[in-house]
Amino acid sequence: MRLDTNKETSLYAIYRQLYEHYGEQGWWPVIEKCSDKDCVEGWESKYHPGCYKYPRNRREEFQICAGAILTQNTAWDNAAKALENLAAAEVLDAEKLVNAEEISVRNLIKPSGYYNIKSRKLKVFAKFYLALAGEVPTRQQLLNTWGIGPETADSIRLYAYNQPEMVVDAYTRRMLSFLGLVSSEISYNELKDYCCKNLPADTCLYQEFHALIVAHGKRYYTGKQYYEPVICRANSK
DNA sequence: AACCAGGACGTGA
DNA sequence: TCACGTCATGGT
């Protein structure tokens, strides 16, 4: 993948390059029952490129929220295993999570890491979710909830509730600072503002762009090797 | 065998 | 505000 690193390049142009190269990502992935034998506990996580009708129901809505918490600083595959375990135990549900023994939740979500903290976060969120009674949570409401920071709040609003809320993350900061568009020290909110001001305010675009940045970031901006001119090397050839 | 992953919180300056 | 330690499993 060769990104145009010209500083005149607009953020939207970067989005189009990534989209053309990687195609639709179909975020947020959703856990579904599967018939294969190699999937964990009869469930597996699937992306849905080409379909923007997710979440399809309130179960998936809650599942996306839970996944956003479980994947905090964690590889998605590990978070997905935790979700699959919860689904197999039939507790991937707000009411059941509120009533579940925390020790059992801990054991189910162990693969996602940080299981002591995340089990608490899940129970806190489940209670908050029930209190919403179907309403779309505001960003501030989410931020006021213990365990939910800016990225998780924006992920929940963008992917579980289809709100036009740009999500930025470590990959976004690495990529845009590497391309010289922002400072590597930029704060979450400033980075989000930069993206919003340079992109059309479109929910589907936000959903794809963040997913594309993660796909691209996993390849080129993982670890600390992005300090080396990975893409420039490609361009200079 | 280190190093990292789709962060957030608690603490002390 | 802000830098820093902590949380923890699984894949490479």
Side-chain angles (χ1 to χ4, degrees), chain A residues 15 18 22 24-31 38-41 44-49 54 63-86 102-103 105-125 128 139-160 165-177 183-192 195 206-228 230:
Chain A
Y15 163 75
L18 292 174
Y22 294 104
E24 289 185 15
Q25 300 299 298
W27 272 36
W28 190 279
V30 164
I31 303 298
D38 52 291
C39 58
V40 179
E41 302 294 333
E44 69 176 350
S45 88
K46 286 185 179 175
Y47 297 84
H48 46 87
Y54 285 76
Q63 182 200 123
I64 292 170
C65 298
I69 291 171
L70 288 169
T71 197
Q72 288 172 356
N73 199 38
T74 299
W76 173 252
D77 288 344
N78 289 351
K81 282 174 193 163
L83 276 181
E84 289 156 7
N85 289 342
L86 290 171
E102 195 161 329
I103 178 90
V105 177
R106 269 206 285 266
N107 288 329
L108 291 169
I109 68 170
K110 244 175 192 170
S112 74
Y114 308 118
Y115 53 85
N116 290 305
I117 290 179
K118 284 177 177 174
S119 60
R120 206 156 96 235
K121 288 182 178 179
L122 283 181
K123 286 182 79 73
V124 168
F125 179 80
F128 166 77
R139 185 169 196 266
Q140 195 55 50
Q141 279 181 308
L142 289 164
L143 291 176
N144 290 341
T145 304
W146 184 85
I148 301 190
E151 186 183 339
T152 307
D154 290 337
S155 294
I156 287 173
R157 278 177 54 79
L158 180 62
Y159 293 107
E165 201 87 68
M166 182 67 194
V167 177
V168 297
D169 66 342
Y171 287 134
T172 314
R173 183 177 293 100
R174 290 173 190 175
M175 183 177 86
L176 296 187
S177 65
S183 159
S184 62
E185 309 298 317
I186 193 171
S187 72
Y188 183 94
N189 288 329
E190 286 173 333
L191 182 56
K192 180 180 177 182
C195 291
Y206 286 169
Q207 291 179 338
E208 282 303 317
F209 196 17
H210 174 63
L212 287 164
I213 289 172
V214 172
H216 187 62
K218 280 179 177 173
R219 291 195 179 187
Y220 296 99
Y221 300 106
T222 191
K224 289 171 181 164
Q225 68 183 135
Y226 61 93
Y227 289 122
E228 301 171 14
V230 178

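The chains referred to below are lettered A, B, ... by the order of the sequence lines, with proteins before strands, and numbering in each begins at 1. All of these numbers come straight from a predicted model, not from anything done at the bench.
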Exercise. For A:Trp27, answer base if it contacts any base atom (sugar-phosphate contacts may also be present), sugar-phosphate if it contacts only those atoms, and nothing otherwise; contact means non-hydrogen atoms under 4.0 Å.
Key: base

Quiz item: Contact class for A:Ile69 (heavy atom, under 4.0 Å): base, sugar-phosphate, or nothing?
Solution: nothing

Quiz item: Tell me, for nucleotides 7-12 of chain C in 5' to 3' order, what letter each nucleotide earns: B for a base near a protein heavy atom under 4.0 Å, S for only sugar-phosphate near one, - for neither?
Solution: BBBSS-

Integer-rounded Å distance: [N] [atom2] and [X] [atom1]:
X: A:Gln72; N: B:dC9; atom1: CD; atom2: P; answer: 8 Å
X: A:Tyr22; N: B:dG6; atom1: OH; atom2: P; answer: 14 Å
X: A:Arg120; N: B:dG10; atom1: CZ; atom2: C1'; answer: 11 Å
X: A:Glu190; N: C:dT1; atom1: CD; atom2: P; answer: 12 Å
X: A:Asp169; N: B:dG6; atom1: CG; atom2: C1'; answer: 6 Å
X: A:Trp146; N: B:dA8; atom1: CH2; atom2: C1'; answer: 8 Å
X: A:Tyr221; N: B:dC4; atom1: OH; atom2: P; answer: 17 Å
X: A:Arg157; N: B:dG6; atom1: CZ; atom2: C1'; answer: 19 Å

Quiz item: Distance check: side-chain N/O of A:Arg219 vs OP1/OP2 of B:dG6, anything under 4.0 Å?
Solution: no

Practice problem: Look at A:Lys46 together with A:Glu44 and state whether they make a salt bridge at an N to O cut-off of under 4.0 Å. | Solution: yes

Practice problem: Using the P atoms only, state how far B:dG6 lies from C:dT6, rounded to an integer number of Å. | Solution: 23 Å

Quiz item: Less than 3.5 Å between a donor and an acceptor, one on the side chain of A:Tyr47 and one on the base of B:dG6, is that the case here?
Solution: yes

Self-check item: Out of B:dG10, B:dG6, B:dA8, whichever nucleotide has its closest atom nearest the side chain of A:Trp76
Solution: B:dG6

Quiz item: Which nucleotide in the list B:dG6, B:dG7, B:dG10 gets nearest to the side chain of A:Trp28?
Solution: B:dG6

Exercise. Would you please test A:Glu84 and A:Ser45 for side chain to side chain donor-acceptor pair (under 3.5 Å) and show each step?
Key: CA-CA 8 Å; A:Glu84 289 156 7; A:Ser45 88; 5.0 Å; no

Practice problem: Step by step, work out the ring-ring contact (aromatic ring centres under 6.0 Å, His included) result for A:Tyr171 and A:Tyr221. | Solution: CA-CA 6 Å; A:Tyr171 287 134; A:Tyr221 300 106; 7.9 Å; no

Quiz item: Which residue lies toward the 5' end of DNA chain B, A:Tyr159 or A:Gly147, if each is placed at its nearest nucleotide?
Solution: A:Tyr159

Quiz prompt | Between A:Tyr188 and A:Asp154, a side-chain donor and acceptor under 3.5 Å | solution = yes

Practice problem: Can you measure from CD (A:Gln207) to CD (A:Glu24) and round to the nearest 0.5 angstrom? | Solution: 11.0 Å

Quiz item: A:Trp28 and A:Trp76: ring-ring contact (aromatic ring centres under 6.0 Å, His included), yes or no, with the steps?
Solution: CA-CA 11 Å; A:Trp28 190 279; A:Trp76 173 252; 5.7 Å; yes

